[in-house]
S.K.: 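Got a structure for you, questions after.
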Amino acid sequence: MKIGKETIPHSAICTSNSETIVVRGKDLAQELIGKISFTDYFFLLVTGQEPTPAATTVLNATLVAIAEHGLVPSVQASRMTLAAAPDALQGAVAAGILGCGSVILGASETAGRLLEEVRVRADGDNNYSEAAKQVIGEYRNARRAIPGYGHPLHKERDPRVSALFGVAEAAGADMTYIQIADAIENVIPEIIGKNLMLNVSAAIPAALLGVGFPITALRGVPILARTAGLIGHLTEELQKPIGFALSYQATRDYVYDGDTPEGFSASNT
């Protein structure tokens with residue numbers, strides 16, 4: 001059954017013959033292997049273009065910033081999966097990556113779309129305050145969360161924000177989206193009624209959009225970065241297992257608050 005307009009699959013990413021593998025128009029063996037960093041290769045794969053020095057610096061910084069964040073839910077899921085199936089590293093990595101959604105990791109994409117919404121609303125005005133007020137007001141009226149703002153631990157600005165913004169500025173990136181991110185942070189108290197400071201999920205798109213990284217690929221950056229972190233955790237899990245300990249911690253504090261059959265009494269063991 002035909003679905004959509006296309007009948008022949010097309011891709012500009014990779015092709016090969018018996019002698020040569022071509023990736024984004026380049027000879028993989030002769031032009032890429034040993035001659036390009038993985039960060040630059042990732043940019044090339046996603047965009048089809050070689051990164052500028054600013055793009056390399058900013059993308060590399062964002063990957064470092066988000067790769068590791070302790071025993072967050074995705075890491076716990078990954079480690080518990082490996083504990084149950086120690087022969088399935090790929091399944092354990094997948095378990096962690098499947099937890100990347102609108103709350104964890106995926107917020108970078110939605111924050112990027114928020115920044116772009118304010119930029120478009122500003123309509124060429126370099127003072128983004130009024131546009132930010134309009135957009136955040138609409139989010140408030142619709143009871144939508146403000147992606148990339150607020151953090152359960154970092155009540156002041158997430159320390160990674162200043163680090164990434166500093167890298168972007170020093171690298172000569174376009175600071176438009178960083179200015180927009182700042183403008184949003186400044187108008188939030190007036191509209192929301194409390195401070196919600198920038199977190200890394202807004203800093204990542206603010207920096208990356210300024211070096212030409214596509215908005216549609218923003219979610220892939222934390223996914224790629226966290227994959228590296230997960231592999232680190234899983235390597236440690238194989239050496240010092242805590243997957244079952246994480247499960248025990250959950251069951252130890254578990255409280256059943258549903259109905260029970262007549263005569264049932266909870267076990268004391």
Side-chain angles (χ1 to χ4, degrees), residues 42 46 58-78 93-121 128 131-132 135-165 167-168 176-189 191-192 194-211 213-230:
F42 175 49
V46 170
V58 169
L59 178 56
N60 195 61
T62 61
L63 290 167
V64 171
I66 200 66
E68 174 54 31
H69 203 49
L71 291 176
V72 292
S74 59
V75 171
Q76 293 191 44
S78 189
V93 172
I97 295 303
L98 287 171
C100 301
S102 60
V103 176
I104 302 294
L105 298 183
S108 287
E109 178 189 355
T110 51
R113 295 187 183 280
L114 168 62
L115 300 178
E116 176 65 6
E117 193 174 353
V118 172
R119 187 194 67 80
V120 171
R121 186 71 61 90
Y128 299 104
V135 172
I136 297 304
E138 291 166 8
Y139 272 59
R140 174 68 166 177
N141 291 337
R143 298 188 176 184
R144 294 174 64 185
I146 313 299
Y149 292 82
H151 195 281
L153 176 62
H154 306 298
K155 298 306 180 183
E156 299 300 322
R157 260 193 182 183
D158 183 328
R160 294 168 293 183
V161 172
S162 295
L164 287 175
F165 286 1
V167 167
T176 296
Y177 291 93
I178 290 176
Q179 293 167 8
I180 293 170
D182 285 334
I184 292 172
E185 184 182 71
N186 290 335
V187 305
I188 281 177
I191 298 170
I192 304 298
K194 60 180 177 180
N195 290 329
L196 293 175
M197 310 300 286
L198 272 157
N199 65 44
V200 73
S201 292
I204 286 173
L208 285 174
L209 292 173
V211 294
F213 197 83
I215 197 168
T216 52
L218 283 173
R219 185 174 297 203
V221 172
I223 288 174
L224 176 63
R226 191 55 59 85
T227 298
L230 288 172

S.K.: Is V135 close to I184 at the side-chain level, that is, under 4.5 Å between some pair of heavy atoms?
M.R.: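 No, too far: nothing below the 4.5 Å cut-off.
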S.K.: Partners of E138 by salt bridge (Lys or Arg N to Asp or Glu O under 4.0 Å), sequence neighbours excluded?
M.R.: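 With neighbours one apart ignored, the set is R121.
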S.K.: Find the distance between CD1 (I215) and OH (Y177) and round it off to the nearest 0.5 Å.
M.R.: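 Those atoms lie 7.0 Å apart.
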S.K.: Please report the shortest heavy-atom distance between G148 and A202, naming the atom on each side.
M.R.: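 Scanning both residues, the minimum pair turns out to be O-CB, 3.3 Å.
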S.K.: Assess, by modelled atom type and distance only, whether the side chains of Y128 and R119 contain a donor and an acceptor separated by less than 3.5 Å.
M.R.: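 No, no side-chain donor-acceptor pair sits under 3.5 Å.
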S.K.: What residues form a side chain to side chain donor-acceptor pair (under 3.5 Å) with Q76, not counting sequence neighbours?
M.R.: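 Q76 satisfies side chain to side chain donor-acceptor pair (under 3.5 Å) with no residue once adjacent residues are dropped.
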S.K.: Search all heavy atoms of G137 against all heavy atoms of I191 and return the closest pair with its distance.
M.R.: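 Heavy-atom minimum between the residues: CA-CG2, 3.9 Å.
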S.K.: Is the closest side-chain heavy-atom distance between I66 and T62 below 4.5 Å?
M.R.: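 Contact flag for I66/T62 side chains = no.
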S.K.: What heavy-atom pair brings Y139 and P147 nearest, and what distance separates the two atoms?
M.R.: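 Taking every non-hydrogen atom into account, CE2-CD, 4.0 Å.
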S.K.: Of all residues at least two apart in sequence or in a different chain, which pass the side-chain contact (heavy atoms from CB on, under 4.5 Å) check with N195?
M.R.: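 If we apply the side-chain contact (heavy atoms from CB on, under 4.5 Å) test to N195, skipping adjacent residues, the hits are P189, M197.
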S.K.: Are the side chain of S78 and the backbone N or O of S74 linked by a donor-acceptor pair below 3.5 Å?
M.R.: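 No, because the side chain of S78 does not come within donor-acceptor range (under 3.5 Å) of the backbone of S74.
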S.K.: With rounding to the nearest 0.5 angstrom, report the CD1 to CZ distance, I188 to R140.
M.R.: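 One gets 11.0 Å once the value is rounded to the nearest 0.5 Å.
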S.K.: To the nearest 0.5 angstrom, please state how far the CD1 atom of I204 sits from the CG atom of N199.
M.R.: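 It is 9.0 Å, given to the nearest 0.5 Å.
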S.K.: L98: which residues meet the side-chain contact (heavy atoms from CB on, under 4.5 Å) condition with it, sequence neighbours left out?
M.R.: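 Testing L98 for side-chain contact (heavy atoms from CB on, under 4.5 Å), a comparison that skips the adjacent residues, returns none.
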S.K.: As a quick check of understanding, evaluate side chain to side chain contact (heavy atoms under 4.5 Å, CB included) for I192 and I136, giving each step before the final call.
M.R.: CA-CA 8 Å; I192 304 298; I136 297 304; 4.2 Å; yes
S.K.: Output every pair passing side-chain hydrogen bond (donor to acceptor under 3.5 Å, both in side chains) with a member in residues 217-226, not counting sequence neighbours, ordered by first then second residue.
M.R.: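 Found E109-R219.
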S.K.: Quick one: OH on Y149 to CG on L114, what's the gap to the nearest 0.5 Å?
M.R.: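 The CG atom of L114 is 6.0 Å from OH of Y149, to the nearest 0.5 Å.
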S.K.: Rounded to the nearest 0.5 Å, how far does CG of L224 lie from CZ of F42?
M.R.: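 Between F42 CZ and L224 CG, I get 5.0 Å after rounding to 0.5 Å.
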S.K.: Which pair of heavy atoms, one from S108 and one from L218, lies closest together, and at what distance?
M.R.: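 Distance-wise, the nearest heavy atoms are O-CD1, 3.9 Å.
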S.K.: Please name the pair of heavy atoms, one in A111 and one in S201, separated by the smallest distance, quoted to 0.1 Å.
M.R.: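 Looking at all heavy atoms of both residues, the closest pair is CB-O, 3.5 Å.
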S.K.: Tell me every residue that passes side-chain contact (heavy atoms from CB on, under 4.5 Å) with D182, counting only those two or more places apart in sequence or in another chain.
M.R.: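 Partners of D182 under the side-chain contact (heavy atoms from CB on, under 4.5 Å) test: R157, F165, I178, L198.
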S.K.: In Å and rounded to the nearest 0.5 Å, what is the CD1 to CG distance from I97 to L230?
M.R.: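 These two atoms lie 5.0 Å from each other.
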S.K.: Is a donor on one side and an acceptor on the other found under 3.5 Å between the side chain of E68 and the backbone of G70?
M.R.: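 Looks like yes, one N/O pair under 3.5 Å.
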S.K.: Looking only at heavy atoms, what is the nearest atom pair of G112 and L209, with distance?
M.R.: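 Taking every non-hydrogen atom into account, O-CD1, 4.0 Å.
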